[in-house]
Amino acid sequence: MRLDKYLVECGIGSRKEVKKIIDNKLVSVNDKIISSSKENVDEEKDIVKYRDEIIKYKKFRYYILNKKGGYITAVDDPKDKTVMDLLPEWVIKKDLAPVGRLDKDTEGLLLLTNDGQLNHRLLSPKSHVDKTYYAELEKDISEDNLEKLRNGVDIGGYITMPALAEKIDDKKIHLTIKEGKFHQVKKMLEAVDNKVIYLKRISFGKLKLDDMELGEVREVNLEDII
Ligand code: URA
């Protein structure tokens, strides 16, 4: 791979910025200063340093975001702010895409990656990744209705798969679902004559929101996800 491409993909800067950095003799490969952007590097073996700091090549990047309300889950949008606007400078945005979708008003855990295959795999209807939501409701929820949520409810011609539903208090629940149908949690609550007034995803498969602040981003490894 060309040195300039390597550095761009490692998030050092744009093609133009990286060229300048290389021209300024700030990059070395195996401790030899390189001044040509066209130099080829072996991303597995070569040690690339920028200002004496090792820049390790990572083909795939995985980040988790504690999404704020008011942002849509998309890469770009002509009118709305997107989750990409929530990502800090240090996040390498190239080819990054969210895995699945949270509604504009939903908060919580969202995975973003440039690993298209993983993205596809996690979203496949067969993958059945557990997703746990914390929901605040308009009305008290009865044990009867919790049981209906557990067994499956009709959300407009689709019967939901068995779910875990746990009451926190009269108007607060944890709901764990395996699918990811459009507005699924909101529709499930509507199916039992209730309404979600606040929704936050607290886990996605092995990934947990834990103590993440609203708007915070963390880089994670593939092993943390599957
Ligand atoms: N279910 C919903 O209704 N909304 C979300 O954002 C996620 C799950």
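Start at 1 and go down the list; that is how both ligands and their atoms are numbered. Everything numeric here is computed off the predicted structure, so don't read it as measured data.
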Show which side-chain atoms of residues 78-87 pair as donor or acceptor with protein atoms under 3.5 Å away, not counting sequence neighbours.
{"residue": "Asp80", "atom": "OD1", "partner": "Lys104", "partner atom": "NZ", "Å": "2.8"}
{"residue": "Thr82", "atom": "OG1", "partner": "Met84", "partner atom": "N", "Å": "3.1"}
{"residue": "Asp85", "atom": "OD2", "partner": "Thr82", "partner atom": "N", "Å": "2.8"}

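Of all atoms in ligand 1, numbered sequentially from 1 with element shown, those under 4.0 Å from a heavy atom of Gln184 are 1 (N), 2 (C), 3 (O). Those atoms of ligand 1 with a heavy atom of Leu199 less than 4.0 angstrom away are 1 (N), 2 (C), 3 (O), 4 (N), 5 (C). Annotation for ligand 1: atoms under 4.0 Å from non-hydrogen atoms of Thr106 are 4 (N), 5 (C), 6 (O).
Note that Lys181 lies in the cation-pi zone of Tyr158, set by a 6.0 Å cut-off to the ring centre and a 45° limit from the axis.
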Stepwise, does the side chain to side chain contact (heavy atoms under 4.5 Å, CB included) test hold for Met161 with His128? CA-CA 10 Å; Met161 290 171 66; His128 298 160; 3.7 Å; yes
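Between Lys172 and Glu166, none of the side-chain N atoms (NZ, or NE/NH1/NH2) sits under 4.0 Å from a carboxylate O, so this pair counts as no salt bridge.
Within the 3.5 Å criterion, the main-chain N or O of Tyr57 finds a donor-acceptor partner in the side chain of Tyr6.
Atom CG of Leu214 is separated from atom NZ of Lys200 by 8.0 Å, given to the nearest 0.5 angstrom.
In this structure, Tyr133 has a heavy atom closer than 4.0 Å to ligand 1.
Any N or O atom pair closer than 3.5 Å counts here, and Lys186 shares at least one such pair with ligand 1. For the pair Asp103 and ligand 1, the shortest N or O to N or O distance falls below 3.5 Å.
Residue contacts with ligand 1, taken as heavy atom pairs separated by less than 4.0 Å, do not involve Val196 at all. By the criterion of a heavy-atom distance under 4.0 Å, both the backbone and the side chain of Val185 are placed next to ligand 1.
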